[in-house]
Amino acid sequence: MARGKLILIEGLDRTGKSTQAAKLVESLSNQARLVKFPERSTPIGKLINQYLKESETHLADQAIHLLFSANRWEVAETIKATLLEGRDVVMDRYVYSGIAYSAAKAVPGMDVQWCAQPEKGLLKPDLTFFLTNSESELRKGFGDERYESSGFQTKVRHEFETIFKNYESQDYKNNHIVFLDTTGKSIEQVHTSVGSAVEEYIQKNSDVEEFMYF
Ligand code: DGP
Ligand code: NA
Ligand code: NA
């Protein structure tokens, strides 16, 4: 039996990432599994949740960075097991959010390379969607968690753009990353674009069994 595909919906806030990830899982046939990061239900996830929700929770920037990464490592084995069962896995955020949000803090020494280090060895998605929107979309409203202010989001946007332009090899980008501008598009329109790119990818790569790693 062929292994499942690892598909990531990543991108800027307020681009409808979570909605698209959920809709994609529904539309995939082989008992696809949705994995949202941060996964807030684990012991480490509970610490992350507290950090995001309570502004008085102090953690060093390096420490929370490593916790976000550890949260991905906590779930890594079960993701691989699910793929080996032949089921697709759709992730809502992953390594790229990990790097972009921490690098956006501009803490001395915490550059993109430092931030990427603890992610080394995690499974690389077969297909990554990077959803973008116009800057004005970003200003339309935020929740009240830690990172949800327009000043910080602008920095995150810049880091994501740097990462996707420079960090990955051209070959990986060309074959495995889809850039999708959601500005002015309905949920259904974006879903249709995502769905057809996934279908095309699966058709071309149905026999690929080896995994890629960060
Ligand atoms: P979400 O549950 O998708 O709204 O994500 C919660 C917040 O945490 C959001 O502002 C994005 C941020 N975030 C997600 N993953 C990471 C990560 O790995 N590192 C850091 N520093 N922030 C992250
Ligand atoms: Na979200
Ligand atoms: Na959020």
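Ligands are counted one by one from 1 in listed order, and the atoms in each one are counted from 1 as well.
- Contacts of R72 with ligand 1, taken as heavy-atom pairs under 4.0 Å, involve the side chain alone.
- Below 30°, between 30° and 60°, or above 60°: for W114 and H65 the angle between ring planes is between 30° and 60°, a tilted geometry.
- For ligand 1, the polar-atom distance check finds an N/O of K36 within less than 3.5 Å of one of the ligand's N/O atoms.
- At least one heavy atom of R93 sits closer than 4.0 Å to an atom of ligand 1.
- In the hydrophobic cluster analysis, where Ile, Leu, Val, Met, Phe, Trp and Tyr join through side-chain heavy atoms closer than 4.5 angstrom, L122 is grouped together with I177.
- Taking every non-hydrogen atom of S102 and a distance limit under 4.0 Å, the qualifying atoms of ligand 1 come out as 21 (N).
- Within a 6.0 Å sphere centred on CG of N166, heavy atoms belonging to other residues, nucleotides or ligands number more than 12.
- Across N49, I48, L52, heavy-atom proximity to atom 7 (C) of ligand 1 is greatest for L52.
- In the vicinity of Y147, heavy-atom distances shorter than 4.0 Å reach the ligand 1 atoms 8 (O), 10 (O), 12 (C), 21 (N), 22 (N).
- Taking the ring-ring contact (aromatic ring centres under 6.0 Å, His included) definition, one finds that F164 meets it with Y96, F130, F179, sequence neighbours left out.
- Distances below 4.0 Å separate heavy atoms of G98 from the following atoms of ligand 1: 17 (C), 18 (O), 19 (N).
- Applying the side-chain hydrogen bond (donor to acceptor under 3.5 Å, both in side chains) rule to pairs touching residues 202-214 yields K80-Y213, E200-K204, sequence neighbours excluded.
- Of all the listed residues (Q153, E119, R40), R40 holds the heavy atom that lies closest to atom 2 (O) of ligand 1.
- Nearest heavy atoms, W73 versus G121: CH2-C, 3.4 Å.
- Considering backbone and side-chain N/O of E148, none are found under 3.5 Å from N/O of ligand 1.
- Between F37, F68, Y51, F152, it is F68 that holds the heavy atom closest to atom 13 (N) of ligand 1.
- The part of P38 lying near ligand 1 is the side chain, judged by heavy-atom distances below 4.0 Å.
- A continuous path of ILVMFWY side-chain contacts below 4.5 Å connects L59 to F152, so both sit in one hydrophobic cluster.
- In this structure the side chain of L6 reaches within 4.5 angstrom of the side chain of M91, judged on heavy atoms.
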